[in-house]
Amino acid sequence: MSEPYHQLLDATIQHLKDLKARGTRFVAVAPETVKALTQPVPLAGNPAAPARSLPPARPATASPVPRPITAAQTPPASLPNVATPAAPISPAPQAVPAPSSLAALTPADKTAAIENLRGRVLACVTCQHLASTRQKVVFGVGNINADLMFVGEAPGADEDRVGEPFVGAAGQLLTRIIQTMGLSRETVYIANILKCRPNTPPGTSGNRKPTPEEMNTCVPYLQEQIDLIRPKVIVALGATATEGLLNRSGISRLRGTWQAYRGIPLMPTFHPAYLLYRDDPGEKRRLWEDMLQVMEKLGMPISTKQRGYFLK
Ligand code: URA
């Protein structure tokens, strides 16, 4: 490859090293830049030579020592876009402190810690194939002091476009379920196992299930989010959410049975998309019974009308 290319590469690497030495843990890289970096580079001087893909980015340079989250850590809002083919620094999910140390956070510190996490998640390019195809990172939405948190699988096309979880058809059903419980999207918190849309071949529609690697990469962010929000109950929507949080498969067997995620009661239930697909009153009733259990656990009032939904 050409000399100027190597000079640029060395300069970029040096710049990133300088940033790292000054304490910068991540840099924002625009999705277009990541996409461009994953394109094959023709070898200079030999147009006939096969193109070579740039090496994959190394994941982050985060400290191996778990670092407590402090409000003083600022989101990456003002960092420049820096591109390097060798080492785009991405924020590897950090190990989180024990939940008890987070319980003492003041409301302001909690808000700052969530915004710090949002900043790191929005800048994440660890899964390059997702970073280069996503339109928006879907961090999560709702009340960060919610008692109830719903966790789904991953953004679909609508969520990817809007940047908010559960806004498509399945999302509209989830919103109705939440409202039928006497709550609203604003009073609960909603997030996903994956914060980026799983990419699908160009020209195809539909979604694909996240891979184990993608889940392993992204779940630590969700874990940090849950540790900060500290809901009283988590609802895992569907098989992928249940697998991602509990590392257990078998949603038909697990649904309706109380589990625990880091000490928080967790109710696995069906994914709303499954109910749209099945359109079976029996399955709707089963999901609703799971939600009645959740309402009981949270000490919410339950009317006779609410108890009777989807009964023949
Ligand atoms: N399905 C999910 O699991 N999550 C979303 O955000 C949307 C659809």
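We count ligands from 1, going down the list as the structure has it; atoms in each ligand are counted the same way. In this text, all values refer to a predicted model and were calculated from it rather than measured experimentally.
A salt bridge between Lys195 and Glu214 is absent, with no side-chain N of the basic residue lying under 4.0 Å from a carboxylate O of the acidic one. For the pair Glu159 and Lys136, the salt-bridge criterion is not met [side-chain N within less than 4.0 Å of a carboxylate O]. At a threshold of 4.0 Å, the pair Glu296-Arg307 counts as salt-bridged, since one of the basic side-chain nitrogens sits closer than that to a carboxylate oxygen. For the pair Arg286 and Glu283, the salt-bridge criterion is met [side-chain N within less than 4.0 Å of a carboxylate O].
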So what's ligand 1 close to, N/O to N/O, under 3.5 Å?
residue: ligand 1; atom: 1 (N); partner: His271; partner atom: NE2; Å: 3.3
residue: ligand 1; atom: 3 (O); partner: Glu153; partner atom: N; Å: 2.7
residue: ligand 1; atom: 3 (O); partner: Ala154; partner atom: N; Å: 3.4
residue: ligand 1; atom: 3 (O); partner: His271; partner atom: NE2; Å: 2.8
residue: ligand 1; atom: 4 (N); partner: Ala154; partner atom: O; Å: 3.1
residue: ligand 1; atom: 4 (N); partner: Asn192; partner atom: OD1; Å: 2.8
residue: ligand 1; atom: 4 (N); partner: Asn192; partner atom: ND2; Å: 3.4
residue: ligand 1; atom: 6 (O); partner: Phe166; partner atom: N; Å: 2.9
residue: ligand 1; atom: 6 (O); partner: Asn192; partner atom: ND2; Å: 2.8

Does the pair Met181 and Val294 meet the rule for a side-chain contact (heavy atoms from CB on, under 4.5 Å), with working shown? CA-CA 9 Å; Met181 296 170 80; Val294 167; 4.0 Å; yes

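Ring-centre distance between His271 and Phe150: not below the 6.0 Å cut-off.
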